[in-house]
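Scroll down for the structure; my scribbles are underneath it.
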Amino acid sequence: MSTPNTPGRESGARAQTKKVTVPTLLKMKRRGERIAMLTAYDATFARILDDGGIDILLVGDSLGMVVQGHENTLPVTLDEIIYHTRAVKRGTLRAQVVADMPFMSYQLSPHDALTSAGRLVKEGGAEAVKLEGGATVAPHVGLITAAGIPVMGHIGLTPQSVHQMGGYKVQGKSDAAAKRLLDDARAIEDAGAYALVLEGIPGSLAAEITALLSIPTIGIGAGAECDGQVLVIYDMLGMNPDFKPKFVKHFDNLYERIITATKGYIREVRTSEFPAPEHTFDRLKVVREKKTQGRTG
Ligand code: KIV
């Protein structure tokens with residue numbers, strides 16, 4: 001069986017590629033190079049996306065919805081994010097691995113936030129953490145970054161506040177709301193964050209925030225002017241045909257392709273076409289192999 005990081009892979013050409021770090025991402029912003037980020041929740045997907053050249057892998061609390069089947073991200077625990085972060089780390093060589101701070105793992109106090117961020121780094125192997133909120137969580141961002149842990153902010157449509165927002169609604173539409181988001185963005189940068197996710201806000205506001213900040217902005221439903229983009233991997237691959245909001249583009253239709261593969265498998269099992277002789281172990285061959293091993297070993 002192959003494992004996500006086989007020795008062959010580590011010593012191959014991809015292993016020579018330089019790891020994406022905070023300075024790499026800041027440099028990309030300065031040079032105007034767009035940053036590509038996707039979510040990942042397990043080692044196999046992490047390995048594929050890393051081999052594909054993704055810059056950042058986010059172990060998002062979206063796993064509560066797309067992996068666990070909850071209706072929102074609120075039930076996700078810190079232990080669950082740690083578990084998935086460990087798996088993603090095992091599959092990743094180049095991309096920066098960012099762990100999301102789940103609901104109630106940081107809101108209570110900056111001290112709690114630092115304790116949780118420390119666990120994500122120490123136990124999960126995260127290289128950075130992400131938390132939702134504006135000026136009110138600036139002290140939390142400050143304390144975590146002071147401990148040497150890079151923090152990615154997240155403002156605009158913040159899914160952990162779904163009940164307060166009254167649903168997943170575009171934020172920052174009025175002048176007053178836009179001004180609040182500009183202030184929030186500045187507060188998060190001033191507190192020491194190295195990047196900022198802008199979710200569900202008008203493209204013109206995202207462009208304004210991006211121009212204002214010296215740290216990269218990563219957009220999701222925030223238009224093309226951000227320094228980078230992020231999507232949930234299952235959305236990007238078209239794995240749920242029922243979920244196609246305006247901001248999502250399906251770069252494949254894996255739902256259909258997996259259904260087709262599943263039907264093919266069922267058909268061949270029913271007709272005994274699978275497993276074919278080439279998938280079946282042959283007793284005599286095993287005996288011959290054993291004899292050969294005996295001679296050489
Ligand atoms: O949890 C998540 O996947 C996220 C991204 C969509 C930004 O926060």
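Numbering of ligands and ligand atoms starts at 1, following listing order.
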Does the distance from a Lys or Arg side-chain N to an Asp or Glu carboxylate O, for Asp235 and Lys249, drop under 4.0 Å? no

Residues passing the ring-ring contact (aromatic ring centres under 6.0 Å, His included) test with Phe251, sequence neighbours excluded, are none

With Arg270 via salt bridge (Lys or Arg N to Asp or Glu O under 4.0 Å) - residues at least two apart: none

List for me each residue that meets salt bridge (Lys or Arg N to Asp or Glu O under 4.0 Å) alongside Glu33, sequence neighbours excluded, and say none if there are none. Arg31

Does Asp79 pair with Arg119 as a salt bridge, N-O distance under 4.0 Å? yes

Atom pairs and distances, ligand 1 N/O vs protein N/O under 3.5 Å:
from: ligand 1; atom 1: 1 (O); to: Asp61; atom 2: N; distance (Å): 3.2
from: ligand 1; atom 1: 1 (O); to: Asp61; atom 2: OD1; distance (Å): 3.0
from: ligand 1; atom 1: 1 (O); to: Ser62; atom 2: N; distance (Å): 3.0
from: ligand 1; atom 1: 1 (O); to: Ser62; atom 2: OG; distance (Å): 3.3
from: ligand 1; atom 1: 1 (O); to: Asp100; atom 2: OD2; distance (Å): 3.1
from: ligand 1; atom 1: 3 (O); to: Ser62; atom 2: OG; distance (Å): 2.6
from: ligand 1; atom 1: 8 (O); to: Lys130; atom 2: NZ; distance (Å): 3.0

Are Asp175 and Lys179 close enough for a salt bridge, meaning some N to O gap below 4.0 Å? no

